[in-house]
Structure formats: structure tokens, C-alpha cells
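Here is the naming used below: chain letters follow the sequence lines, and residue numbers restart at 1 for every chain.
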Amino acid sequence: MPEGPELHMASQFVNRVCGGVVFSGAVEKSEVSKNPEVPFACTAYRISAVSRGKEVRLTLTPIKDEGAEGGGGKPMDIVFRFGMSGFFRYTAQDELPKHAHLRFYTKEKPGKVLSFVDIRRFGSWEPNGTWQAERGPCVMFEYQSFRDNVLSNLSDRAFDKPICEALLNQKYFNGIGNYLRAEILYRLKIPPFVKARTVLEGLLPRDYAELDVKPVKGGCASPQSPEISLSKKVKLKRESPDLLNLCHTVPLEVIQIGGKGYDPEKADYSDFEAWLQCYYVSGMKSLRDHNGRTMWFQGDPGPMAPKASKSPKAKKRAKKTGDGENDAQVVQEKEPAKKVKEEKESKRKQRRKGKEVQSDRGTPSPVPKRKMSQSRKTPTAGQAGEKFQRSESESRPEPVLNKPAKPVQGTRGPSD
DNA sequence: CGTCCACGTCTAC
DNA sequence: TAGACCTGGACGG
């Protein structure tokens with residue numbers, strides 16, 4: 001479940017199922033978890049949650065007067081990070097999910113339990129914790145400070161890296177993860193391995209003096225300006241959101257879809273899958289970044305793309321693909337070979353076509369079915385780099401454009 | 001059976 | 001900048 005949208009949906013889930021519910025007793029940790037015990041016990045308390053980027057904070061609040069006995073305690077915050085597989089579930093007490101590493105029990109009788117489930121145990125929690133200090137503002141709910149934090153720190157060496165790698169730096173992009181970086185860069189057709197600073201410098205606010213128009217608000221229309229009017233620029237701006245805008249709106253789109261976001265195990269995964277335009281989509285290229293994470297993209301990888309493979313992993317990989325060792329690149333055109341097979345398979349399944357929906361409900365296959373269609377179809381052709389970032393239209397703080405705009409949805413992208 | 005891969009951090013050479 | 005930390009599903013033999 002773990003990028004910003006999933007963390008936020010998890011907090012919504014907790015508030016929904018725990019609203020009005022009274023919990024009681026001690027918080028229970030599984031034996032196997034290496035995370036700390038949660039020293040909280042109370043005869044009656046409530047649970048609420050909030051999220052920030054890739055963290056969720058639960059607040060356990062003792063209910064006063066309720067029994068008066070143990071209700072005298074103070075509230076406790078527990079900050080969670082989900083690792084690769086964390087999520088919350090609410091079940092009957094006799095149906096504890098496997099890998100439920102932290103449990104909160106209800107007081108009411110049909111005994112229920114809120115569990116923090118984490119199959120791989122990369123997740124963590126901190127009793128009496130606070131938002132991790134090194135993490136920046138939330139890309140979804142602290143947009144302005146998130147934006148300011150990035151643009152006022154462009155000299156940081158974090159931006160010496162390729163933009164796709166900088167986007168995973170939670171000090172600046174709290175909430176962005178591997179599928180979001182792919183989707184965001186794809187929307188703007190920004191080559192993933194272009195230096196981050198190069199991309200972001202173009203978003204720095206400029207003085208109005210540099211523009212040949214005044215920051216007139218409202219109707220305005222000083223008709224004398226032969227140049228493009230401000231309103232037009234603003235309009236243009238709105239019609240072409242910049243990278244930082246998308247770091248905010250793209251995650252919000254995922255929340256809009258509802259469901260559980262990235263979670264192939266869940267039945268409602270198909271809507272999310274249909275929403276993906278690049279990540280794990282057949283026809284897209286993929287390449288390991290310098291940290292070994294798979295970057296999905298289309299077109300030109302950009303000048304800082306990893307060249308030689310050196311890590312053992314990379315070597316293995318190269319070997320596997322039968323490449324010599326001069327390994328030209330790890331770029332996988334089309335599908336990663338095995339994907340081809342999958343495609344065939346899903347094609348078979350696809351005979352179900354009611355439309356061209358490639359979702360195969362009924363089969364909760366954990367592996368994302370690649371999208372079909374849009375294999376090639378004369379896409380943006382060359383466009384390579386240089387086409388991206390057609391700024392020039394200036395950018396300033398900018399009001400949060402709220403365009404819930406549900407993209408394509410049906411299938412592939414209509415826009416090019 | 002084995003290898004590869006996965007929504008993310010962490011910390012140790 | 002490598003591993004380390006984990007489980008489990010897909011796929012190959």
C-alpha cells in the first residue's frame with residue numbers, strides 16, 4: 001500500500017472504521033516484529049488518524065469519565081511508516097490476518113481488532129513519535145510549502161541527481177514513490193535521467209518585470225500589450241501544469257479513484273490499474289536507476305542514464321538478458337521479454353472484451369496485467385528531450401489547481 | 001525445486 | 001553505493 005495516496009487512504013480507512021468505536025486494553029505486538037512495544041493500556045479509548053506524505057499518525061485518546069478508572073491517561077501518538085507492504089485492516093478478533101504485527105482491540109463485544117498488517121516487515125512504528133524530521137512537507141496536503149521547500153533549496157546536492165531519483169528523496173518529495181515518479185514524469189514527457197536541477201530551475205518564480213505584463217487580476221486586459229496577455233499566460237499555465245504541480249495532483253487523482261490504490265491483491269485494483277499510464281505498462285521502457293529501482297518511462301532516458309552495470313545484481317541481469325558484458329544498456333524496449341508472454345496470456349483472457357477494458361476482475365492476480373493497446377501507434381515520435389518543460393510561460397506560487405480530471409480511465413491516453 | 005521481482009527505507013563498509 | 005531487511009507470487013526447468 002505504500003506511496004502517499006495509499007498512506008492517506010489508510011488514514012481515511014482508520015477514521016471510517018474506528019469512528020464511534022471504543023477500544024480497550026493493551027496494544028498488542030506480534031512476537032516476531034522487531035518494532036517497539038507500544039506502552040499504552042486503557043479501559044476505554046478511541047483511535048483516529050492523519051497522514052503526511054509517506055507516514056500515518058494514529059492518536060489513541062482515552063475517554064474521560066468512561067469508567068474513570070483507566071481513562072485518566074493521556075493520549076498517545078504512534079507514527080507509522082509502511083515499508084513495502086504495510087496496511088491497516090479491521091476484522092473480527094478471531095480472524096486476525098496473517099502478519100498482523102500491531103493490534104488494537106475493541107471494548108464492544110462482537111470483538112473486533114484494528115491491525116497493522118505488514119507482510120515483509122519493512123514497515124515501522126514509533127510510540128510517542130512525531131513526523132520524521134528529515135521528511136519534507138506532504139506533496140498532497142502541504143502543497144505550497146512542499147513547492148517552496150524544493151524551489152528554495154535547488155543548490156542542494158540532492159538535485160545533482162537525475163530527476164527520477166530526486167523524486168524519491170523524501171526530504172523534498174514526501175509521498176512520492178516508484179509508481180508516482182513514473183506517472184508524473186510521463187505526463188510531461190520529461191526524460192527521467194535529466195539532472196533534477198535542470199528541470200526544476202525552470203520553475204523558479206521570476207520577477208514580473210521580466211514579463212511584459214502586469215500581475216493584473218480580474219478582468220484587466222490592457223489591450224496595448226502586443227505580447228501575450230497575462231491572462232493568456234495564466235491560462236496557458238493552468239493548461240500545462242508543471243512538474244511540481246503534478247507531484248501534488250497526480251497523487252490526488254489516485255485518492256480520487258478510491259479503492260486501495262496500489263494493491264494487486266485487492267479486487268478493486270482494476271480501476272487503479274486502468275489509471276496507470278506508464279508504470280508497468282506494456283510498450284513502456286524500463287531501466288534500473290542508480291539505486292537499483294526500476295524506472296518506467298517512454299522515449300529518451302536522458303543523459304544521466306546508468307551506463308555500465310556494475311552491481312552484482314546488474315551483472316546477473318545483464319547475463320540473463322544474454323548481453324555480452326559491454327552491455328550497451330539495460331534499457332528494455334518493448335516489454336521485458338517475459339512480459340510478452342504475459343501479454344499473450346492476457347490477450348487470451350481479453351476475449352472477454354465488453355469494451356476494451358483490460359481489467360480481469362475475478363482473477364486477483366497479484367501481478368499487474370500490462371495494458372494492451374497503445375503499443376506503438378506513432379506516438380509523439382522523436383520528441384526526445386528538449387521538448388519537455390516548455391516553460392517560458394512562467395510559474396509562480398500558483399493556486400492549487402483542482403482538476404480532479406479523471407484521466408483517460410477507459411483506456412490509454414487520448415492525448416497523444 | 002530455483003531465480004527474479006515487488007508500492008521503501010536504513011546503516012555499514 | 002552496496003547490501004540488509006522480509007515474504008510471497010510468477011515464472012522457468
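- Under the side-chain contact (heavy atoms from CB on, under 4.5 Å) criterion, Y90(A) pairs with F13(A), V17(A), V21(A), F23(A), T106(A), K112(A), L114(A), not counting sequence neighbours.
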- Message: Under the criterion side chain to side chain donor-acceptor pair (under 3.5 Å), I'd like the reasoning laid out for Q144(A) against D148(A): C-alpha separation, chi angles, the key distance, then a yes or no.
- Response: CA-CA 6 Å; Q144(A) 195 57 57; D148(A) 293 345; 3.1 Å; yes
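- Atoms CE (M84(A)) and P (dA4(C)) sit 17 Å apart, rounded to a whole Å.
- For the pair Y280(A) OH and dA10(C) P, the computed distance is 12 Å after rounding to whole Å.
- Computed from coordinates, the Y262(A) OH to dA6(B) P distance equals 8 Å when rounded to whole Å.
- If you check the side chains of E55(A) and W131(A), you find no donor sitting under 3.5 Å from an acceptor.
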- Go through R147(A) and E142(A) one step at a time and tell me if the salt bridge (Lys or Arg N to Asp or Glu O under 4.0 Å) criterion holds. CA-CA 9 Å; R147(A) 187 180 179 99; E142(A) 298 175 276; over 6 Å; no
- Under the salt bridge (Lys or Arg N to Asp or Glu O under 4.0 Å) criterion, do K161(A) and D289(A) qualify, and how do the steps go? CA-CA 11 Å; K161(A) 301 190 171 183; D289(A) 68 16; over 6 Å; no
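- When ring centroids are compared, F173(A) and F146(A) come within the 6.0 Å threshold.
- Of the side-chain N and O atoms in T294(A), one or more sit less than 4.0 angstrom from OP1 or OP2 of dA6(B).
- Between the P atoms of dC5(B) and dG13(C), the separation comes to 15 Å (whole Å).
- Atom CZ of F272(A) is separated from atom P of dA6(B) by 14 Å (rounded to the nearest Å).
- Note: NE2 (H101(A)) to C1' (dC5(C)) measures 12 Å, nearest angstrom.
- For dT1(C) and dC7(B), the C1' atoms lie 23 Å apart once the distance is rounded to whole Å.
- Spacing between atom CZ of F82(A) and atom P of dG8(B) amounts to 13 Å, rounded to whole angstrom units.
- For H290(A) and dG8(B), the NE2 to P distance is 19 Å, given to the nearest whole Å.
- A cation-pi arrangement is present between K189(A) and Y186(A) under the rule of less than 6.0 angstrom and at most 45 degrees off the ring axis.
- Stem analysis of DNA chain B (at least three stacked-register Watson-Crick or G-U pairs, each with both distances under 3.5 Å) gives B:1-6 with C:7-12, B:8-12 with C:1-5.
- Separating the CG atom of L276(A) from the C1' atom of dA6(B) is a distance of 14 Å, rounded to the nearest angstrom.
- Using a 4.0 Å cut-off, some side-chain N or O of H99(A) falls inside it from OP1 or OP2 of dG8(C).
- Within residues 117-131 of chain A, the residues approached by DNA chain C to less than 4.0 Å at the level of any non-hydrogen atom are I119(A), R120(A), R121(A), F122(A), in residue-number order.
- Screening Y262(A), F122(A), F87(A), F116(A) for a ring pair (Phe, Tyr, Trp, His ring centres under 6.0 Å) involving F82(A) leaves a single residue, F116(A).
- No engagement by R181(A) is indicated, since no non-hydrogen atom pair under 4.0 Å with the nucleic acid exists.
- Proximity of I184(A) to I176(A): side-chain heavy atoms (C-beta onward) are separated by under 4.5 Å at one or more points.
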- Task: Please assess S48(A) against N15(A) for the test side chain to side chain donor-acceptor pair (under 3.5 Å), listing each intermediate value before the final yes or no.
- Result: CA-CA 5 Å; S48(A) 62; N15(A) 289 329; 4.9 Å; no
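- With sequence neighbours excluded, the residues that form a side-chain contact (heavy atoms from CB on, under 4.5 Å) with P36(A) are W125(A), P127(A).
- Using a 4.0 Å cut-off on heavy atoms, the residues of residues 154-173 of chain A that approach DNA chain B are Q170(A), listed by number.
- Residue contacts shown for E55(A) are absent, as no nucleic acid heavy atom lies under 4.0 Å away.
- For dC5(B), the OP1/OP2 oxygens have no side-chain nitrogen or oxygen of R293(A) closer than 4.0 Å.
- Residue R135(A) places its side chain closer to dT9(B) than to any other of dA6(B), dT9(B), dC7(B).
- The salt bridge (charged side-chain N to carboxylate O under 4.0 Å, His left out) analysis of residues 117-127 of chain A, with sequence neighbours excluded, yields the pairs R81(A)-E126(A).
- Look at K98(A) and you'll find a side-chain N or O under 4.0 angstrom from OP1 or OP2 of dG8(C).
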